[in-house]
There are 2 protein chains.
Amino acid sequence: MPTDSTERETEELTPGAQRILEVASELFYRRGIHAVGVDTIAAESGVTKRTLYNRFGSKDNLLRIYLETKDRRWRELVVDRLGSENGDPRARVLVPFTVLPEWLTESDRGCSFVNAFAELPERDHPGNRVIRAEKQWLRRFFHDRITEAGAEEGAASTLAVQLLALHEGAIVSNAIAEVPGTVRAVTEAATALVDAALA
Amino acid sequence: MPTDSTERETEELTPGAQRILEVASELFYRRGIHAVGVDTIAAESGVTKRTLYNRFGSKDNLLRIYLETKDRRWRELVVDRLGSENGDPRARVLVPFTVLPEWLTESDRGCSFVNAFAELPERDHPGNRVIRAEKQWLRRFFHDRITEAGAEEGAASTLAVQLLALHEGAIVSNAIAEVPGTVRAVTEAATALVDAALA
DNA sequence: GAGTAGGTACACAGATCTGTATATGCAAGG
DNA sequence: CCTTGCATATACAGATCTGTGTACCTACTC
């Protein structure tokens, strides 16, 4: 069985399936989920619709894999950068902000997860679960790094939520408000909040 | 001609049209724009599809009016609360945050504008314009109140962008991350940033 | 050399979408 | 009284959507 409902890793996908996933990711992100049909995805992948269904089973499943893949890439980027930030504990807290400039080069349409959330109201939809898990992961990332930096529990919880909101807002308002220097300004705010909490 | 493409005010709508607008607002917000058909909107409004088209002309136009109405209500809420906040200039800056608890009682699915933005990629779509104008308005609101509080231009611009991001993030992560106390924590962060900038 | 994996080509079912056409009912205001 | 505004009922056009059925092709592997 090459394709069951719990698709494992991107590397195990056939070349055709990888192209489908790449094209679908771009289209879902740029045009929206419901606005993109499987016919379009198949055509732009240079593949027949039959192949798409043979590889992914359904549009919903393809959507879930799209979100899981994006989630994995985001976590890898953050964790990877964390590895080369062994010095200042405060800099480690701020890694999700310092990676934003490169992350946003290919994400000028806002946050993939927030956008998908707008189109996936049902909490038990697989995609909805992935989205909420992603935000929980980031909040916990902040919380753990803040704790490592020496803050006590209460302060860490509060600061984690504040940084999460600031981070979301940076991506979203960077796309919608289109104010130059948004990322820089928001990163400064995050730095100020961290410094104040760890003072 | 009762219904041209530049519908004036909500008060001028017929009772049927008002019901349609209310139902459409709820459905667009809770289920998404593309996921809701005009048949559903008409049925839930207790109205025929013909009436919907006679009153609003098209789904796109109804969508635009939905966004404009939400925008107007938000601005009115903020400006209204600003009127009863004549004392501390810093409290005036923070009005968009202090109204959040009541605004979010009926908005647990994130920000209407951010959600709609996810489904309206084209910049020249009327709805897209409304959304971007709304964010610009809020940023300018922050900027003007900060300036009134005595900050100089550079600091006001930076702080306005920071508060805008924090504000967006509060609404979005309140809906997705579902962490209790998000609004309170974020408002504290906003207060800290304002205090630091005006020190 | 037979089987299998991956893909093509193409038609089609069945649902749903936006928008329109046509004919009718009813109540208020001139 | 009778036009006009607002709504109803119902059918339909035409497009698009997800998903399937069927038959064929090709290359690699056992």
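Side chains included, hydrogens not; waters and symmetry mates left out as well; all remaining heavy atoms used. Note that the coordinates shown come from a computational prediction; the quantities given were computed from them, not determined experimentally.
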Pairing of DNA chain D as dot-bracket, 5' to 3': ( ) intra-strand, [ ] crossing, | other strand, . unpaired, with Watson-Crick or G-U pairs under 3.5 Å? ||||||||||||||||||||||||||||||
Selection: residues 30-39 of chain B, any non-hydrogen atom under 4.0 Å of DNA chain C: B:V36, B:G37, B:V38, B:D39
Sequence neighbours excluded - salt bridge (charged side-chain N to carboxylate O under 4.0 Å, His left out) pairs with any residue from residues 162-171 of chain B: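 Listed once each, the pairs are B:K135-B:E168.
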Pairs in or reaching into residues 170-196 of chain B: which pass ring-ring contact (aromatic ring centres under 6.0 Å, His included), with residues at least two apart or in two chains? none
Under the ring-ring contact (aromatic ring centres under 6.0 Å, His included) definition, can you give me all pairs with a residue in residues 139-179 of chain A, not counting sequence neighbours? A:W74-A:H167, A:F97-A:F142, A:F97-A:H167, A:W137-A:F141
Do you know which of B:L104, B:V186, B:I176, B:T182 makes side-chain contact (heavy atoms from CB on, under 4.5 Å) with B:I171?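 Answer to the side-chain contact (heavy atoms from CB on, under 4.5 Å) test with B:I171 among B:L104, B:V186, B:I176, B:T182: B:L104.
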Phosphate-side-chain proximity, A:T48 and C:dT8, N/O vs OP1/OP2 below 4.0 Å: yes
Report the residues that fulfil side-chain hydrogen bond (donor to acceptor under 3.5 Å, both in side chains) with [X], sequence neighbours left out, ordered by chain and then residue number.
| X | result |
| --- | --- |
| A:R30 | A:E26, A:D108 |
| A:D60 | A:H125 |
| A:R139 | A:Q136 |

Hydrophobic clusters here meaning ILVMFWY residues chained together by side-chain heavy-atom distances under 4.5 Å, can you tell me if A:I33 and B:V172 are in one?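 In one cluster: yes.
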Among D:dG19, D:dA7, C:dG19, the one nearest any side-chain atom of B:R55 is D:dA7
Considering only heavy side-chain atoms of A:T14, the closest of D:dT18, C:dG7, D:dA9 is C:dG7
Can you name the atoms? Protein N/O to nucleotides 21-29 of chain C N/O, anything below 3.5 Å, with the distance.
| from | atom 1 | to | atom 2 | distance (Å) |
| --- | --- | --- | --- | --- |
| C:dA21 | N7 | B:R50 | NE | 3.4 |

Taking only residues two or more places apart in sequence or in another chain, which ones pass ring pair (Phe, Tyr, Trp, His ring centres under 6.0 Å) with A:F113?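 For A:F113, no residue satisfies ring pair (Phe, Tyr, Trp, His ring centres under 6.0 Å) once neighbours in sequence are set aside.
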Residues two or more places apart in sequence or in another chain: which of them pass ring pair (Phe, Tyr, Trp, His ring centres under 6.0 Å) with B:F117?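 Testing B:F117 for ring pair (Phe, Tyr, Trp, His ring centres under 6.0 Å), a comparison that skips the adjacent residues, returns none.
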In whole angstrom, what separates [X]'s [atom1] from [N]'s [atom2]?
| X | N | atom1 | atom2 | result |
| --- | --- | --- | --- | --- |
| B:I20 | D:dA7 | CD1 | C1' | 10 Å |
| A:R19 | C:dG7 | CZ | C1' | 10 Å |
| B:Q18 | D:dC6 | CD | P | 13 Å |
| A:F56 | D:dT20 | CZ | P | 16 Å |
| B:K59 | C:dT20 | NZ | P | 15 Å |
| B:L52 | D:dT8 | CG | P | 11 Å |
| B:N61 | C:dT18 | CG | P | 14 Å |
| B:L62 | C:dG19 | CG | P | 10 Å |

Could you tell me whether B:R145 and B:E85 make a salt bridge, using a distance below 4.0 angstrom between a side-chain N and a carboxylate O? no
Check this for me, if you would: do A:E102 and A:R81 make a salt bridge, where the nitrogen-to-carboxylate-oxygen distance has to be below 4.0 angstrom?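 Yes, A:E102 and A:R81 are salt-bridged.
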Do the numbers put A:K70 on top of the ring of A:Y29, so that NZ or CZ is under 6.0 Å from the six-membered ring centre and no more than 45° off the axis?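 Ring-cation test returns yes.
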Is it true that, when you exclude A:E106 itself, more than 12 heavy atoms of the residues, nucleotides or ligands shown sit nearer than 6.0 Å to its CD?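 No.
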Atom pairs under 3.5 Å: protein N/O with N/O of nucleotides 11-16 of chain D:
none

